[in-house]
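For reference, the structure is listed below as structure tokens.
Proteins get letters first, then strands, A, B, ... in listed order; numbering begins at 1 in each. Values in this document were obtained by computation on a predicted structure and should not be read as measured data.
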Amino acid sequence: NAGVTQTPKFQVLKTGQSMTLQCAQDMNHNSMYWYRQDPGMGLRLIYYSASEGTTDKGEVPNGYNVSRLNKREFSLRLESAAPSQTSVYFCASSEQRQNNEQFFGPGTRLTVL
Amino acid sequence: AQKITQTQPGMFVQEKEAVTLDCTYDTSDPSYGLFWYKQPSSGEMIFLIYQGSYDQQNATEGRYSLNFQKARKSANLVISASQLGDSAMYFCAMREGLNNNDMRFGAGTRLTVKP
């Protein structure tokens, strides 16, 4: 099992460009998440999807959109990138029960110039 | 309001000694779960240990144990017999409610194990 995979691993964008971060999991989990990690701030939830066909905003959703394409895939889109979106982005998946840990992908390091 | 507080930006420990990483949390929900994750310099997030708010005993997983003090709202991670490979960032996180997907993380503590 690959677990949670993310593409790309690194990306550099210019201000105003758009891009989509891809995430896939092969653990048959219902719930998937997108986080950003900035220095000194831990991880912050951008969006999550409790199940196929549903998405909800997290703590910092502004400037992002998501799509739960199917049970396996959950993508994050930046429509018009800004320097403030320079960060490391993590995708995660889990079962929905409280005691289930989240499994994380390797992360995407995004720089917006 | 900050829900998870980790007050130690950095900690040092001698190899083979025990170390405690602090975590306090804030919630009014009686049902919640607390998690600890390790992030080595390679960047991946590794799940270490879980404690439920209704669990009667402190959680343990190998060299990791959780010192859960519910009345004080603290969930400190104890690592026994530290190893050089334990050097990493450690994050405390909380999930409120039974089926809530919103997990909040603390700012993390960087642990350095000295040989």
Using modelled atom types only, decide if a donor and an acceptor are shared between the side chain of B:Arg104 and the backbone of A:Leu45 within a distance under 3.5 Å. no

Should B:Phe91 and B:Val78 be counted in the same cluster of Ile, Leu, Val, Met, Phe, Trp and Tyr side chains packed under 4.5 Å apart? no

Give the cluster check for A:Tyr35 versus A:Leu21: same hydrophobic cluster or not, with ILVMFWY residues linked at side-chain heavy-atom distances below 4.5 Å. no

Grab the two heavy atoms, one from A:Tyr33 and one from B:Arg95, that are nearest each other, plus how far apart they are. OH-NH2, 3.0 Å

Neighbour count >12 (heavy atoms, 6.0 Å) for atom NZ, B:Lys70: yes

State the CZ-CG distance between B:Phe47 and A:Asn100, to the nearest 0.5 angstrom. 9.0 Å

What verdict does the side-chain contact (heavy atoms from CB on, under 4.5 Å) test give for B:Gln39 and A:Gln37, after you've listed the backbone C-alpha separation in whole Å, the side-chain angles of each residue and the deciding distance to 0.1 Å? CA-CA 12 Å; B:Gln39 186 178 44; A:Gln37 183 178 26; 2.9 Å; yes

Should A:Ile46 and B:Met103 be regarded as members of a common hydrophobic cluster, given that ILVMFWY residues are connected when their side-chain heavy atoms come within less than 4.5 Å of each other, either directly or indirectly? no

Using heavy atoms and a sub-4.5 Å threshold, report which of residues 47-81 of chain A line up against chain B, by residue number. A:Tyr48, A:Ala50, A:Glu59

Report which part of B:Met89 has an atom under 4.5 Å of a heavy atom belonging to chain A: side chain, backbone, both, or neither. neither

Transitively linked via ILVMFWY side-chain contacts under 4.5 Å: B:Tyr37 with A:Phe90? yes

Same cluster (ILVMFWY, side-chain, under 4.5 Å), B:Ile46 and B:Met11: no

Looking only at B:Met45, B:Glu44, B:Gln6, the option with the highest number of non-hydrogen pairs under 4.5 Å against chain A is B:Met45

I need the B:Phe105 CZ to A:Arg44 CZ distance, nearest 0.5 Å. 13.0 Å

Using heavy atoms and a sub-4.5 Å threshold, report which of residues 102-113 of chain A line up against chain B, by residue number. A:Gln102, A:Phe104

